[in-house]
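Okay, so here's the structure we're looking at.
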2 protein chains.
Amino acid sequence: MTTERQTTAPTAAQRIVLVDDHAIVRHGLRSILERESDLEVVGEASTAAEAAAVVERTHPSIVLLDLKLSTGADTEGLELCARLTERHPGLAVLVLTTFLDDSLVVEAIRHGARGYVVKDVDTTELLRSIRAVARNESAFDSHAAAAMVRSMRVQPEQPRFTEREVRVLKLLARGLSNRDIGAELYISETTVKFHVRNIMRKMDVGSRAEVVYEASKMGVI
Amino acid sequence: MTTERQTTAPTAAQRIVLVDDHAIVRHGLRSILERESDLEVVGEASTAAEAAAVVERTHPSIVLLDLKLSTGADTEGLELCARLTERHPGLAVLVLTTFLDDSLVVEAIRHGARGYVVKDVDTTELLRSIRAVARNESAFDSHAAAAMVRSMRVQPEQPRFTEREVRVLKLLARGLSNRDIGAELYISETTVKFHVRNIMRKMDVGSRAEVVYEASKMGVI
DNA sequence: GGTCTCCCCGTCCGAATGGACAGGTGCCGC
DNA sequence: GCGGCACCTGTCCATTCGGACGGGGAGACC
């Protein structure tokens, strides 16, 4: 267990594909990995579609994946992660991303990722993580691990809103009056008050100003 | 003007220092720049203090600077930028950062930066930008340029609040009622209404819910 | 002294809000 | 069909809020 972790492994080198929309980062990773004799970069991709094709062609054992691809939606990276791990069960996907979002860590794991490392890490820790996922282990840097722990905690369960309530909430969060919301949604002011009351009940707050505050914390705005 | 932009310049190579807290990014930049005969990386730094020392020692002509250094505060990168350009008037600082913040573009320029490029750019555009700032020109990628234009527009000048109004605004932004704000600040509810009215007048809004919305946009919360 | 800003406090009133009660409609699953 | 859910609408009432008037005091600046 201790001896098998030598840099110059007797087995074949790990075949790695880099997926990142930043050319700079891809270059950086390549130059870091090229110095390691047990690691070999066999492909690069900057988009999800490209990544799928490259993996199909090169059959790597490891994919270093930045969830944040050019489109801006994290979901694209997550879906790519799911697709890759489904089609290639043995494939180790190590998420390597810039920012740390608690929910994103969990989502990444749910979508088949084997590790999560932020780009802040130094090269030795990065290499350690790569070799860990290559051995079918998991790898998290300390920040990502903390995020995992946080998201494990049972939270005061975010209230669920109906479709209509969400529409009202968004307008309410922008400071509109009941009358204006009604005009916007083509419903009576009375109905707006009905929804606002339900929203406040679900949020457990006592004024519309508080609703706006909570909504801003939730990112509704 | 067209002929002098050849890659293999007859003059001495540009001496470049990389400042970025991400080792991966530094490696990437180095590997990109090392292929160019007119560009030479003479130093790297991951912190502001380190950067100041390296620049002092190596006397580069160009600094590629990521404003976001490890501490998390953008101000550190800005201050470093100001310090470098003050002490070395000829030095060209090209800000190379991950995310685009309209105000940050302007601030960077104010602090002496000669260009602003997000890391999304491909290598050719990055090299073009580097060579531009080396020629005492400016360089902005399209996104940063758009941010500049946006921030050029005369804005409805953010209202200035008195100290007392700020206190009230913060509590108001958390959804508290006038009575509760009064209790919190040991003043009468009437006085709170006085301040709230002034706040709403300055913000040009008509309800406290709107105040909360605006405050959340302003980052008061 | 005069002027200014900021802060404090009051009254009065119309409008908006918070909260309760009592309905009606349409859709879905059992 | 029947219950449950989401959605819509109404009335009634107490409280709060928004906005208008008024006033006073402390400190800074000229």
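Quick note on labels: first sequence line is chain A, next is B, and so on, each numbered from 1. None of the values given here were measured: they were computed from a predicted structure. Note: hydrogens, waters and symmetry copies are ignored here, and every other heavy atom, side chains too, is used.
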On DNA chain D, more 5' by nearest nucleotide between B:Ser207 and A:Glu165 is A:Glu165
Would you compute the distance between atom OG1 of B:Thr97 and atom CG of B:Asp20 and round it to the nearest 0.5 angstrom? 8.0 Å
Could you tell me the separation between the CE atom of A:Met203 and the P atom of C:dG19, rounded to a whole number of Å? 14 Å
Start and end of chain B contact along DNA chain D [non-hydrogen atoms, under 4.0 Å]: D:dT16 to D:dC21
Taking B:Val42's backbone N and O only, do any of them form a donor-acceptor pair with B:Arg15's side chain (distance below 3.5 Å, no angle check)? no
Using five base pairs at each end to define the local axes, how bent is the helix from C:dG1-D:dC30 to C:dC30-D:dG1, to the nearest 10°? 40°
note: A:Glu210, atom CD; C:dG19, atom P; distance rounded to Å ~ 10 Å
Would you mind telling me which residue lines up with the more 5' stretch of DNA chain C, A:Arg179 or A:Val205, judged by nearest nucleotide? A:Arg179
Search all heavy atoms of A:Thr123 against all heavy atoms of B:Ala23 and return the closest pair with its distance. CG2-CB, 4.0 Å
Please answer whether the main-chain N or O of B:Leu176 pairs with a side-chain N or O of B:Arg208 as donor and acceptor at a distance below 3.5 Å. yes
So CD of A:Glu40 and CZ of A:Arg30: to nearest 0.5 Å the spacing works out to 9.5 Å
Please say whether more than 12 non-hydrogen atoms of neighbouring residues, nucleotides or ligands are located less than 6.0 Å from NE2 in B:His88. yes
Indicate, with a heavy-atom threshold strictly under 4.0 Å, whether A:Arg164 touches base, sugar-phosphate, or nothing. sugar-phosphate
Does the pair A:Glu184 and A:Arg167 meet the rule for a salt bridge (charged side-chain N to carboxylate O under 4.0 Å, His left out), with working shown? CA-CA 10 Å; A:Glu184 191 77 28; A:Arg167 295 285 298 123; over 6 Å; no
Can you measure from CG (A:Leu185) to CG (A:Asp180) and round to the nearest 0.5 angstrom? 11.0 Å
Rounded to whole Å, how long is the line connecting atom CE of A:Met200 with atom P of C:dA20? 10 Å
Closest non-hydrogen atoms of A:Glu210 and B:Arg174, given as atom of the first, atom of the second and distance, are CG-O, 3.8 Å
Taking for each residue the nucleotide of DNA chain C bearing the nearest heavy atom, is the 5' side occupied by B:Arg197 or by A:Arg208? B:Arg197
Distance in angstrom units between B:Lys202 NZ and C:dT5 C1', rounded: 10 Å
In numerical order, the residues of residues 180-195 of chain B whose heavy atoms come under 4.0 Å of DNA chain D are B:Lys193
Interatomic spacing from CG in A:Leu126 to CZ in A:Arg131 - rounded to 0.5 Å: 9.5 Å
Which heavy atom in A:Leu80 sits nearest to a heavy atom in A:Ala51, and how many Å separate them? CD2-CB, 3.7 Å
